[in-house]
Amino acid sequence: MKAYVFPGQGAQFTGMGKDLYDTYPAAKDLFHQADEILGFEISKIMFEGTADQLKETKVTQPAIFIHSVILAKMMGSAFQPDMVAGHSLGELSALTAARALSFEDGLRIVSKRALAMQAACEAQESTMAAIIGMADEDVEKVCEEIEGVVVAANYNCPGQLVISGAIPAVEAACEILKEKGARRALILPVGGAFHSPLM
């Protein structure tokens with residue numbers, strides 16, 4: 001059985017998709033189509049943008065979607081999954097790669113989602129952090145004791161949980177979690193507190 005799992009925010013990087021653009025004429029056409037649909041040159045930001053530009057939700061989400069879907073399309077007949085899934089935004093990439101949505105419709109939905117979430121991000125500065133090497137219930141308990149908004153958001157696997165909330169609350173939780181034995185408490189390169197009450 002073959003499954004493809006598509007990433008959400010945090011998977012972006014400068015240069016994403018440039019190899020596809022340079023190698024496949026069909027990919028180049030899709031990047032130009034994406035620029036047209038969105039009304040700005042997202043391809044240029046993907047290929048040459050700074051980490052800060054790529055971290056903006058209104059850019060990050062379409063960029064990851066575009067990269068994911070074009071990569072799946074360029075696999076051609078080799079892309080024959082028995083199932084697809086995705087983390088958060090990746091659900092829309094998965095649906096589009098599996099042809100449940102067209103590229104155009106998928107990108108329009110992702111863009112509207114990103115703009116709505118960008119507005120929430122701008123309402124209050126917020127972030128997320130990956131906590132590694134601690135039991136979920138211990139992380140949850142620390143979050144409950146912190147002043148301000150910070151919650152357990154993404155249960156990635158045993159021993160890895162992502163917290164989400166206001167920047168001071170997330171930073172405070174990270175410090176306490178490290179003191180209590182977390183192997184890592186790493187602030188993620190995202191533009192907001194996704195999967196939290198701040199959304």
Side-chain angles (χ1 to χ4, degrees), residues 4-21 27 30-74 84-97 101-131 149-151 153-154 156 160-167 170-171 174 186-199:
Y4 286 82
V5 182
F6 291 81
Q9 280 186 255
Q12 71 276 5
F13 59 93
T14 299
M16 61 192 296
K18 184 73 166 76
D19 55 339
L20 299 170
Y21 182 93
L30 286 167
F31 277 107
H32 290 307
Q33 189 178 354
D35 290 345
E36 206 171 291
I37 289 167
L38 295 173
F40 67 97
E41 279 190 279
I42 192 163
S43 57
K44 186 175 171 111
I45 299 171
M46 291 171 70
F47 303 157
E48 303 168 14
T50 65
D52 281 343
Q53 288 173 309
L54 279 168
K55 192 171 94 169
E56 276 192 88
T57 299
K58 64 186 177 187
V59 172
T60 311
Q61 291 190 18
I64 291 171
F65 171 87
I66 291 163
H67 185 238
S68 296
V69 173
I70 292 176
L71 182 57
K73 285 182 178 293
M74 294 311 105
V84 293
H87 292 282
S88 190
L89 153 75
E91 293 176 15
L92 291 164
S93 304
L95 286 166
T96 304
L101 290 170
S102 69
F103 178 74
E104 299 85 349
D105 289 344
L107 183 54
R108 285 188 180 98
I109 292 167
V110 166
S111 178
K112 291 213 180 288
R113 177 187 197 269
L115 291 171
M117 292 173 81
Q118 180 74 38
C121 294
E122 290 169 2
Q124 180 173 355
E125 287 193 353
S126 55
T127 194
M128 301 176 83
I131 311 302
V149 176
V150 59
V151 298
N154 301 38
N156 290 340
Q160 189 190 94
L161 191 150
V162 175
I163 61 174
S164 183
I167 290 175
V170 170
E171 289 174 344
C174 285
L186 177 71
I187 301 289
L188 298 176
V190 297
F194 307 111
H195 308 286
S196 84
L198 297 181
M199 280 289 120

Tell me whether [X] contacts the main-chain N or O of [Y] through its side chain, where contact means a donor paired with an acceptor under 3.5 Å.
X: Q12; Y: G10; answer: yes
X: D35; Y: S43; answer: yes
X: S164; Y: M128; answer: no
X: T60; Y: K55; answer: yes

Got a second to check how far [X]'s [atom1] is from [Y]'s [atom2], nearest 0.5 Å?
X: F6; Y: L89; atom1: CZ; atom2: CG; answer: 11.0 Å
X: L30; Y: I37; atom1: CG; atom2: CD1; answer: 9.0 Å
X: K58; Y: E122; atom1: NZ; atom2: CD; answer: 6.5 Å
X: F40; Y: S111; atom1: CZ; atom2: OG; answer: 7.0 Å
X: E41; Y: I45; atom1: CD; atom2: CD1; answer: 8.5 Å
X: L101; Y: L92; atom1: CG; atom2: CG; answer: 7.0 Å

Any side-chain heavy atom of L107 within less than 4.5 Å of one from Q33?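 Heavy-atom side-chain distance check fails, nothing below 4.5 Å.
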Does any part of the side chain of Q9, heavy atoms only, come nearer than 4.5 Å to the side chain of Q61, both counted from C-beta?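 Side chain of Q61 against side chain of Q9, heavy atoms only: contact under 4.5 Å found.
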Compile the donor-acceptor pairs under 3.5 Å between side chains in residues 186-196 and protein atoms, sequence neighbours left out, one pair per line.
{"unit_1": "H195", "atom_1": "NE2", "unit_2": "S88", "atom_2": "OG", "d": "2.9"}
{"unit_1": "S196", "atom_1": "OG", "unit_2": "A193", "atom_2": "O", "d": "2.7"}
{"unit_1": "S196", "atom_1": "OG", "unit_2": "L198", "atom_2": "N", "d": "3.1"}

Show the nearest heavy-atom pair for residues [X] and [Y], with the distance to one decimal.
X: G86; Y: E91; answer: O-CG, 3.3 Å
X: P62; Y: I42; answer: CB-CD1, 3.5 Å
X: A63; Y: M16; answer: O-CE, 3.6 Å
X: L161; Y: A153; answer: CD2-N, 4.4 Å
X: P197; Y: V151; answer: CD-CG2, 3.9 Å
X: V170; Y: A129; answer: CG1-CB, 3.8 Å

Can you name the ring-ring contact (aromatic ring centres under 6.0 Å, His included) partners of F31, sequence neighbours left out?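 ring-ring contact (aromatic ring centres under 6.0 Å, His included) check on F31 returns Y21, F47.
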Give the table of side-chain donor-acceptor pairs shorter than 3.5 Å for residues 65-73, with sequence neighbours excluded, one pair per line with atom names and distance.
{"unit_1": "S68", "atom_1": "OG", "unit_2": "I64", "atom_2": "O", "d": "2.9"}

If you count heavy atoms of other groups shown closer than 6.0 angstrom to CD of E125, is the number above 12?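 No, not enclosed.
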If you draw a 6.0 Å radius around CD in E104, do more than 12 non-hydrogen atoms from other residues or ligands fall strictly inside?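 For E104, atom CD is crowded (more than 12 foreign heavy atoms under 6.0 Å).
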